[in-house]
Amino acid sequence: MSLAALNKVEMKPKEYKSDVSVVWCPGCGHHGILNGIYRALSELGIDPDNMMSISGIGCSSRTPYFIKSYKMHTLHGRAGAVATGAQLAQPDQCVMVTGGDGDGFSIGGGHMPHMARKNVNLTYVLFDNGIYGLTKGQYSPTSRPEMTAYTTPYGGPEEPMNPLLYMLTYGATYVAQGFAGKPKICAELIKGALEHKGFSYVNIFSQCPSFNKIDTVQYYRDLVEEIPEGHDPSSLGQAIDVARGLENGKSPMGLLYKVDKPTLDEKLAEIVTKVGGHKDYDVNKIVDLYRP
Amino acid sequence: MSLAALNKVEMKPKEYKSDVSVVWCPGCGHHGILNGIYRALSELGIDPDNMMSISGIGCSSRTPYFIKSYKMHTLHGRAGAVATGAQLAQPDQCVMVTGGDGDGFSIGGGHMPHMARKNVNLTYVLFDNGIYGLTKGQYSPTSRPEMTAYTTPYGGPEEPMNPLLYMLTYGATYVAQGFAGKPKICAELIKGALEHKGFSYVNIFSQCPSFNKIDTVQYYRDLVEEIPEGHDPSSLGQAIDVARGLENGKSPMGLLYKVDKPTLDEKLAEIVTKVGGHKDYDVNKIVDLYRP
Amino acid sequence: MAKKDLVIRIGGEGGEGVVSAGDFIAAACARAGLEVYTFKTFPAEVKGGYCMYQVRTSSERVYNQGDTYDVFCAFNGEAYELNKHLLVPGSVMVYDGPGGDFEPEIPEGVIAYPIPMTKTALALKSKRSKNMVALGALSALFNISEATLKEVLTLKFKKKGEDILNFNLGAFDEGKKLAQALEKVDEFRVADARTPDDVIIISGNDACGMGAILGGLEFFSAYPITPATEIAKFVATHIPKKAGTLLQAEDEIASIAQLLGASYAGKKSMTATSGPGLALMSEMLGMATMSETPCMLVDVQRGGPSTGMPTKHEQSDLFIAIHGGHGDSPRIVLSVEDVNDCVNMSVDALNLAEQYQCPVILLSDGSLAFSTQTIPAPKKENFKIVNRRKWDCKGEYKRYELTGDNISPMADPGTPGAQHIATGLEHNEKGSPSWDIHNRDLQMDKRYNKLSTVIENYHDTEIDGEGEADLGIITWGSTIGVAREAVERMRAEGMKVKGFYPKLMWPMPVEQYEAFAKTCKKILVPEVNYLGQLSHFIRAETSIDPISYPICQGLPFTPSQIIAKSKEVL
Amino acid sequence: MAKKDLVIRIGGEGGEGVVSAGDFIAAACARAGLEVYTFKTFPAEVKGGYCMYQVRTSSERVYNQGDTYDVFCAFNGEAYELNKHLLVPGSVMVYDGPGGDFEPEIPEGVIAYPIPMTKTALALKSKRSKNMVALGALSALFNISEATLKEVLTLKFKKKGEDILNFNLGAFDEGKKLAQALEKVDEFRVADARTPDDVIIISGNDACGMGAILGGLEFFSAYPITPATEIAKFVATHIPKKAGTLLQAEDEIASIAQLLGASYAGKKSMTATSGPGLALMSEMLGMATMSETPCMLVDVQRGGPSTGMPTKHEQSDLFIAIHGGHGDSPRIVLSVEDVNDCVNMSVDALNLAEQYQCPVILLSDGSLAFSTQTIPAPKKENFKIVNRRKWDCKGEYKRYELTGDNISPMADPGTPGAQHIATGLEHNEKGSPSWDIHNRDLQMDKRYNKLSTVIENYHDTEIDGEGEADLGIITWGSTIGVAREAVERMRAEGMKVKGFYPKLMWPMPVEQYEAFAKTCKKILVPEVNYLGQLSHFIRAETSIDPISYPICQGLPFTPSQIIAKSKEVL
Ligand SMILES: Cc1ncc(C[n+]2csc(CCOP(=O)(O)OP(=O)(O)O)c2C)c(N)n1
Ligand SMILES: Cc1ncc(C[n+]2csc(CCOP(=O)(O)OP(=O)(O)O)c2C)c(N)n1
Ligand code: SF4
Ligand code: SF4
Ligand SMILES: [Mg+2]
Ligand SMILES: [Mg+2]
């Protein structure tokens with residue numbers, strides 16, 4: 001975000017809670033992520049009037065309801081594309097997308113590369129629970145193949161995707177990974193993402209105790225490990241290596257990659273400058289071009 | 001493909017030409033790729049009766065019309081998904097998708113990762129001309145940002161994607177790149193792709209003299225260079241490095257990656273075996289499960 | 001009319017075992033040879049929230065969920081609050097008390113039986129046994145055969161081990177004892193057991209899956225969506241037994257694309273979705289029309305527009321089913337009345353898709369999706385299976401040949417000598433692109449005219465009643481079952497009422513509509529949507545001027561609603 | 001009726017300069033103060049293929065492309081073959097000969113002027129000058145002012161340098177000389193120059209872009225598709241001047257999603273597409289309806305269904321425009337008659353979207369998309385611009401407040417104290433999800449009832465003619481222009497005919513339709529689609545029983561076709 005341009009407010013994390021009560025199951029990892037978001041917003045002093053929370057459909061996509069901000073609860077898979085329009089319309093506001101692995105990488109997977117390579121100036125927090133929660137337990141693109149689920153009673157036939165590697169490949173300019181069981185780390189990474197100018201992506205493992213019986217809290221706890229000291233987040237090569245897995249086979253937690261590039265709104269503003277465009281341009285001049 | 005299962009025929013490359021005449025502009029790179037395809041089919045002795053050519057919409061997507069085979073000319077961006085269904089329905093046939101950069105990576109971009117990571121046993125040949133040819137010259141996901149085109153009269157605001165890196169990230173089990181100006185190399189790579197069991201992807205640079213005025217034959221000729229000897233196509237790490245560009249900044253030509261993994265049809269067949277399924281199963285037994 | 005049926009409604013919090021308690025009652029009644037029709041509403045929230053399960057059972061055929069309940073079993077205060085307006089004199093409430101989270105006020109004339117469900121469950125050291133306590137009580141109070149219920153419980157719990165089974169049976173017995181200690185002052189009782197017919201008990205969604213498999217389904221691809229996902233679950237479980245294929249696609253567009261690919265390649269293929277998915281599939285449905293590829297799609301309708309009310313009942317996708325593509329894009333639209341239709345008409349839909357080489361959309365709805373009903377056990381042997389017309393391997397193969405009935409033989413890939421293209425472009429008989437105006441006329445005519453025999457080949461629309469009537473009710477989908485009872489009851493009151501129950505929605509059997517309307521002074525069209533979508537098509541395609549009666553609150557009609565409206569318009 | 005207009009058709013191979021020759025004639029006529037209406041058909045193939053450009057010009061208003069040509073200029077044999085059936089006695093053919101690729105047979109009564117275009121061009125050592133040779137000949141033969149044409153050529157070619165300009169002028173003169181050497185035996189001539197009105201000459205697609213920019217467009221996102229892409233090109237070129245934003249999205253779903261995001265965030269937003277794109281957008285249009293987000297969409301219709309005939313004319317998206325979403329999903333549908341409407345009604349569409357906070361679909365079609373026409377020069381000052389109703393910052397903000405007119409004030413992000421959610425779920429006034437049945441009724445009513453004032457706020461449907469008539473013609477889109485001339489000509493023959501030309505397609509101004517129909521003995525509805533889509537809605541929504549007259553061959557109606565049909569039905 002261009003957080004500099006925003007006026008800061010002083011609000012405690014819990015003051016970012018809206019008056020809609022949280023509907024997730026007890027024990028759901030999404031609670032932890034939400035707390036991380038509240039904390040990050042508070043630490044940055046983001047003014048809810050200048051923030052847009054945008055989501056698709058899924059348990060995780062309910063998040064905007066629980067946050068004080070302007071917000072949109074859109075369609076399954078389309079949050080990123082909607083947010084792109086919203087961000088370009090109000091480039092000075094803070095735009096955050098929240099959503100699930102299914103929403104983002106299954107039905108929404110076609111929009112991801114384009115948002116990233118266009119470097120749309122927004123933050124995408126993906127609640128990765130390896131399952132479709134809201135529809136009661138079908139496998140998602142991040143599900144492990146050994147999982148038996150709703151439409152895979154005999155086990156899944158697919159290799160899971162690697163969200164971090166995808167995002168690095170797509171050209172996201174900030175890529176990080178957290179785990180819902182570590183809300184402080186989540187807060188830290190989300191904060192960094194919100195501060196980052198450009199397309200920032202935070203993948204957060206989140207257990208779904210109701211429907212994903214194999215990716216338990218304990219499983220994720222064992223799976224992740226903080227990225228070793230000495231990692232250079234400005235190196236795409238190193239980031240790709242880490243994204244493919246730490247040397248001990250664990251999944252990295254922390255900031256993988258961060259680089260500064262012009263954002264889409266900046267590039268579009270450049271075009272306007274190039275043609276000398278301004279709000280008060282006399283459009284009758286365009287009509288004149290069509291006189292015979 | 002499981003080419004072993006197919007009966008071989010003896011046909012010259014030109015015998016694979018259908019009776020529909022080729023409609024592309026003179027000088028279009030697509031001609032060269034088509035010749036590469038004819039040659040590959042001939043060398044493999046593929047029986048047109050046992051082949052399905054499937055495409056979406058675009059100049060390149062006209063290819064199936066020009067090839068002797070069973071074929072489908074489907075919708076913009078959907079060829080891969082259609083071909084997935086066709087392949088699973090007839091797992092012993094040779095399935096080839098042909099299409100453009102816009103068709104494959106813009107509107108069709110949401111289907112690409114899933115086809116690849118599911119390792120659908122088919123060959124995808126992408127005619128990469130960095131432009132929308134059929135609709136007369138809009139920028140595509142592989143267009144260079146400096147290109148002024150139909151909807152970018154003041155230059156494009158986006159970073160192009162890297163198809164090879166995408167495909168490696170997605171888990172394609174065969175990834176190669178060619179250039180329409182080198183039909184023999186194209187033929188070689190397509191042949192390898194057709195022989196490969198699993199999802200094989202061949203990216204082929206193809207000039208569009210009518211609408212892409214900057215990516216000329218000469219530009220591509222200067223851009224590509226054969227992958228240096230010593231490259232190990234079984235190493236994903238090496239493949240990723242090469243996909244990001246050769247050391248001298250050139251774009252690699254040749255086979256980047258090839259690995260053997262179970263295909264989707266094999267995995268689904270395993271499930272059938274696991275449940276002891278067969279065509280003559282008495283479905284009344286399923287009804288019986290619902291007696292009160 | 002003596003009351004032959006009993007309606008028991010259980011209300012509580014999602015997760016309290018409301019659904020399983022209802023399922024046990026339904027199964028026990030079905031086992032006892034009774035007819036069962038259940039109706040559920042689910043919480044829209046992820047976990048928790050109000051949840052309702054209603055069992056209607058009778059020794060005679062049950063067509064719908066009923067007007068209201070006879071017996072209401074309240075698991076908690078929220079359920080009580082939401083249902084107390086239906087407590088009328090003579091109705092019964094069984095509730096969690098004392099010790100529940102609420103103290104009901106019992107209206108005059110309502111009979112109330114307090115059963116301390118929570119307290120008893122807590123005493124048994126398992127809150128989760130609350131529903132077993134309730135079940136025991138309901139069994140004792142309303143003549144739900146204890147023996148049969150225990151059989152059902154045993155079938156269910158014995159997989160989980162002796163201990164769990166015995167624990168649940170124990171909780172059941174506690175509930176029974178508590179009820180037996182009360183004095184029964186109402187007259188409600190489940191009908192006595194009869195020798196069961198050859199029936200199964202199954203939900204609408206499972207029945208669609210079952211029908212498809214009986215109909216010879218070989219390939220299924222879908223993307224999960226409420227309230228259609230259970231169809232995929234059924235197929236996923238059973239299609240591998242027939243060596244068939246199920247894919248969960250990355251989205252709805254991919255699923256119908258995969259369907260067309262598989263269908264082109266020779267497999268009987270289908271998908272299942274709900275409104276939002278159908279909207280996404282609009283473009284590809286046009287491709288199925290143009291390329292004449294068999295394509296079977298179940299749309300389990302839900303509350304729209306947009307995400308709308310995803311867990312609620314509605315019949316509002318008739319517009320999109322018939323008109324939801326660009327250009328003039330013919331298709332066949334069917335609609336089911338009940339769970340039995342879900343089985344039979346899934347077979348029909350697959351058959352029609354194969355026979356006419358076009359999209360066939362089978363409309364179901366949110367309340368049928370989860371309604372379990374007793375239906376005659378289907379038998380593979382009783383279904384006629386239709387396969388696509390195959391090329392006779394003679395002469396030159398033309399995919400879009402203009403034949404006498406406008407249906408062109410197909411040739412699956414692998415057939416020697418029949419290489420051809422399936423295309424979304426306008427084409428000539430051979431499949432090559434063509435903008436020739438004469439060819440255009442021929443191919444447009446072909447795609448429409450081939451459907452002209454659908455009406456004569458499909459069974460006639462059922463007419464309920466004979467002779468002249470003051471009122472004719474035309475309705476569709478699960479509202480038919482409601483209308484049947486309304487018509488029966490009005491007739492019993494001496495009113496002259498008839499019903500017309502279309503299942504083939506498109507092409508519309510216009511002559512049948514008009515012949516029916518000629519026998520009625522007025523036509524009433526109740527349906528669960530906002531604009532009166534069937535009324536629209538009746539006005540557009542027939543000479544009938546119907547009275548449209550749409551409701552759109554996420555709930556099915558009740559017979560009383562239709563009766564009241566009928567009296568109003570007469 | 002004395003003939004005041006002249007129709008010149010040029011036919012040849014794509015790439016031979018057919019289009020630019022036609023453009024030059026059209027521009028010269030417009031410059032000379034004449035009315036111009038052009039009509040083109042493009043090759044469907046990538047390169048080459050038959051291509052046709054027809055200029056109709058007159059000193060009076062021209063409403064359509066005409067029945068047929070007066071003068072046909074054949075660049076090659078294929079064009080000759082495709083057009084020779086229209087060579088009737090009295091018509092003129094100018095053709096490439098001797099030395100062209102064909103030898104025409106001249107039918108009795110047809111006047112033919114051979115001009116050795118190819119030979120002359122080759123002699124000039126540039127095949128590409130063929131069209132200049134033709135232009136010179138046409139100018140000399142039919143009184144197309146040489147001076148004006150040379151002005152136009154100079155404007156065009158001087159950017160490319162003095163040499164290129166002079167070369168082209170030279171080729172022009174060669175053609176002129178060749179023609180002057182012939183004896184003119186026909187009487188066709190372009191009308192004499194007049195003082196030009198304040199006009200522009202522009203195509204339908206460019207005009208949509210121009211209207212949008214005049215209407216205050218701030219954000220545009222689209223995905224390229226024939227025949228709509230030129231709208232994006234226009235906007236891309238000009239919107240940066242107004243500091244507005246254009247995005248080419250990755251697909252149509254993304255483009256309408258981006259539109260909704262930008263619109264929610266306060267910007268006047270639109271997209272443009274054709275049938276296949278509209279089909280893909282169906283789901284998101286429902287979201288616009290449910291979330292009440294202003295959303296303006298131009299659909300340039302093409303030959304369907306599926307990929308269909310992408311470069312051909314059709315008006316077959318009325319079904320999908322009105323009915324193409326799941327659930328009951330209200331929207332406004334407008335349709336343009338001509339290029340002038342493309343400007344004005346793009347402004348209307350943006351205004352209505354803002355005023356009613358819902359999707360507004362503006363239907364154009366393939367023949368208008370590329371038809372250039374002379375229209376009064378639009379002026380920013382003459383347009384009324386409507387912006388969304390803004391919250392007054394008083395009291396508690398409720399996004400979906402039930403106001404008197406059912407339109408709720410909006411608050412753009414950044415407004416202090418008005419945080420709210422735009423959602424596709426059913427919701428209460430505050431935007432929170434709600435399945436309450438009372439709330440459901442209120443919100444469904446709100447979304448429909450807010451549109452009840454559209455009809456009174458939009459201008460009345462134009463009626464062409466007065467009093468009683470034997471025949472009333474109701475039609476829409478670019479067929480209106482054809483009907484206008486048909487009605488005029490029939491009237492001149494003494495027939496009692498009237499016209500009714502709706503531009504507001506939905507909600508339907510039913511009373512206006514019915515009032516019109518009351519004055520006519522019969523109603524004829526010509527339209528370019530297969531099923532008669534407007535007829536369908538007339539039958540469904542009004543008491544009128546129209547005679548449907550659909551044609552569906554990829555071409556617009558001619559006035560004669562409508563006249564012939566009118567006589568047939570009378
Ligand atoms: C077009 C469409 N298709 C399908 C659905 C059904 N649906 C809702 S949420 C969801 C998946 C949710 O999974 P995910 O995005 O991982 O979020 P989670 O619930 O796990 O947090 C699906 C398939 C829908 N709402 N819309
Ligand atoms: C749903 C839909 N949107 C848009 C189009 C228009 N369209 C046809 S081809 C094409 C792009 C072609 O580019 P590419 O795939 O790169 O192929 P090329 O012509 O360059 O070989 C587009 C946008 C369409 N046919 N369908
Ligand atoms: S279903 Fe899973 S993801 Fe959804 S709220 Fe419950 S635990 Fe969380
Ligand atoms: S437009 Fe471009 S891509 Fe298409 S045929 Fe011509 S040169 Fe090839
Ligand atoms: Mg998930
Ligand atoms: Mg291309």
Side-chain angles (χ1 to χ4, degrees), chain B residues 20-28 30-31 55-62 65 72-78 100-112 129 131-141 143 147-158 161 208-211, chain D residues 13-15 19 42-50 205 209 220-241 244-255 257 271-277 279-281 300 302 304-308 310-311 370:
Chain B
V20 175
S21 52
V22 177
V23 291
W24 296 316
C25 309
C28 175
H30 297 359
H31 295 286
S55 69
I57 302 287
C59 293
S60 37
S61 293
R62 284 296 186 99
Y65 286 100
M72 302 182 78
H73 182 219
T74 73
L75 299 184
H76 194 34
R78 313 305 169 196
D101 38 334
D103 190 68
F105 285 112
S106 194
I107 191 167
H111 307 301
M112 287 291 197
N129 56 9
I131 197 87
Y132 288 0
L134 189 66
T135 46
K136 304 197 184 299
Q138 299 78 28
Y139 72 93
S140 91
S143 297
M147 185 167 74
T148 58
Y150 205 98
T151 54
T152 47
Y154 313 108
E158 312 179 353
M161 59 166 292
C208 168
S210 297
F211 297 110
Chain D
E13 173 92 359
V19 173
F42 293 107
E45 302 313 329
V46 185
K47 262 281 160 91
Y50 169 68
N205 276 348
F220 181 102
S221 175
Y223 188 70
I225 187 165
T226 305
T229 320
E230 290 73 18
I231 301 178
K233 186 177 191 172
F234 185 100
V235 175
T237 307
H238 299 299
I239 205 170
K241 300 179 184 170
T245 301
L246 173 128
L247 268 196
Q248 181 180 301
E250 59 269 25
D251 61 19
E252 286 86 354
I253 299 177
S255 65
T271 186
T273 189
S274 186
L280 287 172
M281 292 179 186
V300 187
R302 65 188 220 186
S306 196
T307 313
T311 59
F370 303 111

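Order of the sequence lines sets the chain letters (A, B, ...), proteins ahead of strands, with each chain counted from 1.
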Is any side-chain heavy atom of Pro276(D) closer than 4.5 Å to a side-chain heavy atom of Leu75(B)? no
Which atoms of His73(B) approach chain D - backbone, side chain, both or neither, heavy atom under 4.5 Å: neither
Honestly, the part of Tyr223(D) sitting under 4.5 Å from a heavy atom of chain B is side chain
How close do Tyr154(B) and Pro240(D) get, counting heavy atoms only, and between which atoms? CE1-CG, 3.7 Å
Contact part of Ile253(D) toward chain B, heavy-atom cut-off under 4.5 Å: side chain, backbone, both or neither? neither
Quick one: pull up NZ in Lys136(B) and OG1 in Thr226(D) and give me the separation to the nearest 0.5 Å. 7.5 Å
Answer yes or no: is there a donor N or O on one side and an acceptor on the other, between the side chain of Thr151(B) and the main chain of Ala232(D), under 3.5 Å? no
State, yes or no, whether a side-chain contact exists between Thr135(B) and Ile225(D) at a heavy-atom distance under 4.5 Å. no
pair Glu252(D)-Ile107(B): side-chain heavy atoms closer than 4.5 Å: yes
With distance as the sole criterion, is a donor-acceptor pair present between the side chains of Gln248(D) and Tyr150(B) under 3.5 Å? no
What do the steps show when you test Thr229(D) against Gln138(B) for side-chain contact (heavy atoms from CB on, under 4.5 Å), and what is the final call? CA-CA 9 Å; Thr229(D) 320; Gln138(B) 299 78 28; 3.3 Å; yes
Answer with side chain, backbone, both or neither: which region of Phe105(B) has an atom nearer than 4.5 Å to a non-hydrogen atom of chain D? neither
Would you compute the distance between atom NZ of Lys233(D) and atom OG1 of Thr152(B) and round it to the nearest 0.5 angstrom? 10.5 Å
At a 4.5 Å cut-off on heavy atoms, which part of Ala249(D) comes close to chain B: side chain, backbone, both, or neither? backbone
